[in-house]
Amino acid sequence: IGSYQFHPVRISKKIPPIKILKLKDSDSPIHFNEDWYIFEPHGGTSEEKHFVELINGYMEELLSIYADVKLMRNEKAFNIFSFDKKRDGARFEPDFILLLKDKKGCYHQIFCEPKGDWAKDENDGFNNSSEKWKNQFLSDITKCTDSQCLKLENINEGGLALYENSCYKILGLPFYNYAMESEFKGEFKNLILK
């Protein structure tokens, strides 16, 4: 069942110190040996590569706003579940998570999903019925955070000191597609660079 409760878990519990990424249909090497990119060089889709390059292009601006910036590839590490009761808690595994800590100590976790042209409808952007709900879900996450509907629950039996800092924001960016990058940049700037 999808709910408005998010349960924190240490990254080290989900992603081991050494992880080999084996991505299907890899046509683009992603080589970023930077402190902000969590993984060693690996293969990915062209959309994933363009997305990482976009983040790299904004890195100077991000670091002027945030004290810490990390981009993490979510390769079968965790899922999130739809709020929409009609979707019956449908599972979604966003490809990337952008982790930001602002200079006031607030933590931002942003779910990101590059999508290829196969998910787009010619006339109306991302309307493929099997994918459209995911794009809407990412938007809903941000709306729920803005309206303070989301609850961050500490259910880890003392395994994570959650409330040392009470400022956490869980957000979702719209699908990223290289052909529609200018629209994405507007959303990215509005949500993250304001």
Would you please name every residue forming a salt bridge (charged side-chain N to carboxylate O under 4.0 Å, His left out) with [X], sequence neighbours left out?
X    : result
K143 : none
E93  : none
K189 : none
D68  : K70

### Message
Does I80 form a side-chain contact (heavy atoms from CB on, under 4.5 Å) with F111? I'd like the steps, not just the answer.
### Response
CA-CA 10 Å; I80 53 179; F111 298 112; 3.8 Å; yes

### Task
Check step by step if side-chain contact (heavy atoms from CB on, under 4.5 Å) holds for W36 and N56.
CA-CA 9 Å; W36 58 267; N56 186 49; 3.4 Å; yes

### Summary
Test side chain to side chain donor-acceptor pair (under 3.5 Å), reference Y176, set E181, K185, E47, output is E181

### Message
Could you check whether any side-chain N or O of T145 sits under 3.5 Å from a backbone N or O of I170, counting only pairs where one atom can act as donor and the other as acceptor?
### Response
yes

### Task
Give a yes or no on whether the backbone of F78 and the side-chain of N74 come within a donor-acceptor separation of less than 3.5 Å.
yes

Residues two or more places apart in sequence or in another chain: which of them pass side chain to side chain contact (heavy atoms under 4.5 Å, CB included) with [X]?
X    : result
D102 : Y66, K104, C106, H108
P174 : N135, F184, E187
L63  : M59, V69
E183 : M180

### Message
Parallel, tilted or perpendicular: which one describes the rings of Y107 and Y168, with boundaries at 30° and 60°?
### Response
parallel

### Query
Should the ring pair H50 and Y178 be called parallel, tilted or perpendicular, given that the plane angle runs from 0 to 90° and is split at 30 and 60?
parallel

#### Entry: ring-ring contact (aromatic ring centres under 6.0 Å, His included) partners for Y58, two or more places apart
F188

Between [X] and [Y], which heavy-atom pair has the shortest distance, and what is it?
X    : Y    : value
L138 : L173 : CD1-O, 3.0 Å
G172 : I141 : N-CG2, 4.1 Å
F81  : F137 : O-CZ, 3.1 Å

Measuring from atom [atom1] of [X] to atom [atom2] of [Y], what distance do you get when rounded to the nearest 0.5 angstrom?
X    : Y    : atom1 : atom2 : answer
E113 : F175 : CD    : CZ    : 5.5 Å
I192 : I65  : CD1   : CD1   : 9.5 Å
D95  : R73  : CG    : CZ    : 4.5 Å
L193 : S64  : CG    : OG    : 8.0 Å

### Query
Going by atom types only, do Q136 and D140 share a side-chain donor-acceptor pair under 3.5 Å?
yes

### Query
Between F92 and N79, is a side-chain contact (heavy atoms from CB on, under 4.5 Å) present by the stated rule, with each step listed?
CA-CA 5 Å; F92 176 32; N79 301 300; over 6 Å; no

### Task
Start with the C-alpha gap between I97 and I110, add the side-chain angles, then the distance that decides, and say whether side-chain contact (heavy atoms from CB on, under 4.5 Å) holds.
CA-CA 5 Å; I97 296 88; I110 301 111; over 6 Å; no

### Query
What residues form a side chain to side chain donor-acceptor pair (under 3.5 Å) with Q109, not counting sequence neighbours?
none

